[in-house]
Amino acid sequence: MQALLRLSRQGGSLRQIQSSGLSVAFARAYASHELTVRDALNSALDEELARDDSVFVLGEEVGEYQGAYKITRGLLQKYGAERIRDTPITEAGFTGIATGAAMAGLRPVCEFMTFNFAMQAIDQIINSAAKTLYMSAGTIPVPIVFRGPNGAAAGVAAQHSQCYGAWYSHVPGLKVIAPYDAEDARGLLKASIRDPDPVVFLENEILYGQAFPVDDKVLDKDFVLPIGKCKIQKEGTDITLVGFGRCVGHNLKAAAELEKAGISAEVINVRSLKPLDRDTIVNSVKKTHRVLALEEGWPQCGFCAEIIAVVNEECFDDLDAPPERVTGAEVPMPYAANLEAAALPTPADVVKVAKRMLGK
Amino acid sequence: MRTLTHTLHSPAGCRNAHASHLQHPQSFHARRLNRAQRPASLQICCQAVATGTPPVKEGTSISNGAAKSKSKKISPEVATTLYRDMVLGREFEEMCAQMYYRGKMFGFVHLYSGQEAVSTGIIKAMRADDYICSTYRDHVHALSKGVPSRGIMAELFGKKTGICRGQGGSMHMFSKEHRMLGGFAFIGEGIPVGLGAAFRVKYQKDAVGDESADQVCASFFGDGTCNNGQFYECLNMASLYKLPCIFVVENNLWAIGMNHPRATGPSEGDTAPAIYKKGPAFGMPGVLVDGMDVLKVRQVAEEAVERARKGLGPTLIEAETYRFRGHSLADPDELRKKEEKAAWGARDPIPQFRKYALDEGLLTEQQIKDIDKDVQAEVEDAVQYADESPKPEKGQLLENVFADPKGFGIAANGSYRYQSPGFHSGNTAAID
Ligand SMILES: Cc1ncc(C[n+]2csc(CCOP(=O)(O)OP(=O)(O)O)c2C)c(N)n1
Ligand SMILES: [Mg+2]
């Protein structure tokens, strides 16, 4: 540890000058619309269905019910029951059908009412979808998107509230996306549908109704974001806060709080968990010399563990403090509101740990 | 017709249904009765062809709501038990709706109103030491099994005095004492779990040599769940191992917004799906029963329980029923037609049984009044108890994750992590 602390802060001021937060200000100035994450996902599906007739949606309640969380609202009316396919409650069955259809040439978007239920189909996702290209010597690609809400929702307890980010990130052959805002949701869902590989697309129920400013280019029907790139959501100089999905929002809140204490935090939105954009994370840490990773999931073998490993591998000598993580508690999600709150990390937790890392 | 069971707690859905029933009972009813009007022998799907074993019984035909039950006579004591249990189920659930809208309970709360005759009919035909296994729609199964209403309500309020100390919640009711094995939120999950309990009983008898082991297990689940592979896997294993279990399908015609015939295909030669017919295909009797008639359900249950207890194996029961509310309290319930709700509202199992009990002289008006009052008092007491109970303490957070908390591993200082001060309060303690 002494070795880390020995690293001087002299370079800090120089680096601070380089990062003046211009891009964020630019984006804000040109923001002309607000879009909810729900509408962003809905419009992305709509446009990709219109663009390519091999794209279809299947899952429970995606059609007549208009989606359990209304992500597919209006699509049945527009594209018909053949392309917006209601399935029985049979995750293993319909995930298998989707995977087979992809192997045979279609581009399914397989909706899970929540990702929790995908546990009944994890064999299809990992064994059938993720490994087939390899097993078939590259001859049979599986262009499929598995999507639905992931992670903690409110008051739904142990079986309906958990994060699968780390689980799927572990698997060779899968790409794993976790959008935070409306821009991510639109650009990455469209990119995922066009991608030749199986993509696990982890949404967040609590974010669905949240509106975000978007500029005109995000609304373009050919707007796609690159899979495998992080986004610097807010620039800063003293500490790098890394997270995905809803945790990006927590980190932004924490950064605003830290600002009041004179700490400038850089917030990285890891909107692609796999492939992981190591460069953006490492370059940020080289600038701030401190990294704090945040996730709602459980700590062991988690997302934060991966981020910290990357930093240790690539820029250990740039660190001024040991990397730290804030995660969900090691417990199935409790039902009682106060226990549930205690099981999940908050912006206040991030602020506390960040201050400690900076000796404040 | 008295409506006392609804009055206190504003059951908008079902009572309105009563009122409008007379105007449009037609279309839906007609469709359902097609199946009901088939000869009784067709409705009891015997496995004679497959295995040579006779069917469970003959003669549980679906009646329309107005028809008198032709079931075997019951005693006034049994009538009291059945009536009270159904009224308790209804009152409890309607109170839950109120409490949910007042913010006292949260997340997904799935109410059972309308289906009481199934829970009561099956579980009150079982013994206290028999097992049951339920789904996310589990409050009333727990009540029928004898779990105290105070503990269930407190659980729903997320209180320390709840039957699972606030850790489980609405979808996860467990009671070891009452042999209620859950409370499972995933479709199909409870079916093999129930089989496991039946397996244990048979094991106790056959492997351990305990001749007194004759308990049975009933697993409850919906029509939509019958499309999940676990259902078929379990039908096969239950038959193969001759397990003392009862599969109880509560066919309320809908799985959230998915209408049963849109999700399940008919058997060969049929035009409508029939879940009970899957029984013989797997080597057990399949029985179709009017799930709005508690006595018919009870009769079918008694026979299935007896069969299981005698070691003759499993039974599949399909009870035709209806939920009077949306899928959960968060469901806008936009797809079910008013006429359909009205037709089923008219078959409400509670007034139907009340009338039967009065007509047969099993219960008097006064006794019914007393039961209704008693149940209301119980439910109000449960609410008060839940409301006044303390929340779980923070130190409870990491308890019960392991039976042996050494499972949390070893801390930096070489002792077990769970022994560190404040450990069970969770990660925020580590942050401080
Ligand atoms: C594996 C799984 N997939 C999806 C769900 C979401 N879900 C909860 S209840 C339900 C409908 C169940 O319908 P049914 O079996 O008919 O039971 P009912 O709710 O009518 O009692 C669905 C799809 C789930 N809980 N588990
Ligand atoms: Mg149902």
Side-chain angles (χ1 to χ4, degrees), chain A residues 60-68 70 81 86-94 96 113-114 116-117 119-121 153-161 298-300 324-346 348-353 356, chain B residues 105-109 136 155-160 162 164-172 184-189 222 224-230 255-259 262-265 331-332 334-335 391-394 396-401 408-409 417 425-432:
Chain A
E60 292 159 14
E61 310 286 6
V62 296
E64 290 199 3
Y65 198 79
Q66 307 283 291
K70 309 301 171 200
D86 276 327
T87 67
I89 312 167
T90 158
E91 276 76 7
F94 72 72
M113 194 173 277
T114 77
N116 301 291
F117 309 139
M119 281 204 287
Q120 293 194 353
V156 293
Q159 297 191 329
H160 275 73
S161 248
W298 298 306
Q300 181 153 341
E324 296 220 35
R325 59 178 156 171
V326 176
T327 73
E330 285 180 81
V331 62
M333 188 61 73
Y335 168 75
N338 66 331
L339 292 181
E340 181 190 66
L344 288 169
T346 64
D349 296 331
V350 174
V351 169
K352 208 180 291 180
V353 175
R356 191 178 62 197
Chain B
M105 44 186 84
F106 15 88
F108 295 138
V109 176
Y136 42 87
E155 186 62 28
L156 289 162
F157 276 50
K159 296 300 182 72
K160 193 180 167 182
C164 302
R165 305 200 307 162
Q167 291 167 204
S170 171
M171 298 188 280
H172 307 299
F184 292 104
F186 274 38
I187 292 305
E189 199 189 354
T225 301
C226 295
N227 299 312
N228 186 289
Q230 294 184 80
I256 308 186
M258 191 70 161
N259 194 205
R262 288 187 64 229
T264 306
D331 175 22
E334 286 161 344
L335 294 175
K391 288 178 186 164
E393 282 139 29
K394 210 179 159 196
Q396 188 183 314
L397 181 66
L398 295 189
E399 289 175 355
N400 306 139
V401 174
F408 280 112
R417 284 176 66 208
S425 306
N427 67 335
T428 35
I431 286 168
D432 287 332

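Protein chains get the first letters and strands the later ones, always in sequence-line order, with residue 1 at the start of each. For clarity, every value in this text was computed on a predicted model and none was experimentally measured.
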If we ignore angles and hydrogens, is there a donor and acceptor under 3.5 Å between the side chains of A/Q120 and B/N228?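 Indeed, the side chains of A/Q120 and B/N228 share at least one donor-acceptor pair under 3.5 Å.
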Residue [X] versus chain A: region with a heavy atom under 4.5 Å:
X      : value
B/T264 : neither
B/E393 : backbone
B/F408 : side chain

Can you find a pair of side-chain heavy atoms, one from A/D86 and one from B/R262, that are under 4.5 Å apart?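 When only atoms from C-beta onward are counted, B/R262 and A/D86 do touch, with a gap below 4.5 Å.
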Measure across [X] and [Y] and return the closest heavy-atom pair with its distance rounded to 0.1 Å.
X      : Y      : answer
A/A342 : B/L397 : O-CD2, 3.7 Å
A/Y65  : B/L335 : CD1-CD1, 3.8 Å
B/L398 : A/A329 : CD2-CB, 4.2 Å
A/P88  : B/A263 : CG-O, 3.4 Å

Evaluate the criterion side-chain contact (heavy atoms from CB on, under 4.5 Å) for residue pair B/I256 and A/M113; output intermediate values, then yes/no. CA-CA 12 Å; B/I256 308 186; A/M113 194 173 277; 3.8 Å; yes
Please look at [X] and chain B and tell me whether the side chain, the backbone, both or neither of the residue comes under 4.5 angstrom of a heavy atom of that chain.
X      : value
A/Q159 : both
A/A92  : neither
A/M119 : side chain

Do you know which of A/G155, A/G63, A/A157, A/G93 has the most heavy-atom pairs under 4.5 Å to chain B?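 That would be A/G155.
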Most chain B-contacting option - heavy-atom pairs closer than 4.5 Å, from A/A158, A/A337, A/A153, A/P332: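 Among the listed options, the one with the most contacts to chain B is A/A337.
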Checking A/E61 side chain against B/M258 main chain: does a donor-acceptor pair fall under 3.5 Å?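 Looks like yes, one N/O pair under 3.5 Å.
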Hey, does the side chain of A/N338 reach the backbone of B/P392 with a donor-acceptor pair shorter than 3.5 angstrom?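 A pair under 3.5 Å: yes.
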Sort out for me which of B/G229, B/G168, B/G162 touches chain A most, counting heavy-atom pairs under 4.5 Å.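 Going by pairs under 4.5 Å, I would pick B/G168.
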Counting heavy-atom pairs under 4.5 Å with chain A, which one of B/R417, B/E334, B/E399 comes out on top?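 Going by pairs under 4.5 Å, I would pick B/R417.
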Of B/M171, B/M105, B/H172, which is the lone residue that meets side chain to side chain contact (heavy atoms under 4.5 Å, CB included) with A/Y335?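 Of the listed residues B/M171, B/M105, B/H172, the side chain to side chain contact (heavy atoms under 4.5 Å, CB included) partner of A/Y335 is B/M105.
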Does NZ belonging to A/K70 count more than 12 external heavy atoms closer than 6.0 Å?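 Yes, NZ of A/K70 has more than 12 neighbouring heavy atoms, counting only those of other groups under 6.0 Å.
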Partner set under side-chain hydrogen bond (donor to acceptor under 3.5 Å, both in side chains) for B/N400, not counting sequence neighbours: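 Only B/R165, B/Q167 meet the side-chain hydrogen bond (donor to acceptor under 3.5 Å, both in side chains) criterion with B/N400.
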How would you list, by chain and number, every residue that makes a side-chain hydrogen bond (donor to acceptor under 3.5 Å, both in side chains) with A/T87, sequence neighbours excluded?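 Testing A/T87 for side-chain hydrogen bond (donor to acceptor under 3.5 Å, both in side chains), a comparison that skips the adjacent residues, returns none.
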Quick check: B/F108 with A/H160 (ring centres under 6.0 Å apart)?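 Ring centroids of A/H160 and B/F108 are less than 6.0 Å from each other.
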Would A/I89 and B/N227 count as a side-chain contact (heavy atoms from CB on, under 4.5 Å) if you check the C-alpha gap in whole Å, the side-chain angles of each, and the deciding distance to 0.1 Å? CA-CA 6 Å; A/I89 312 167; B/N227 299 312; 5.5 Å; no
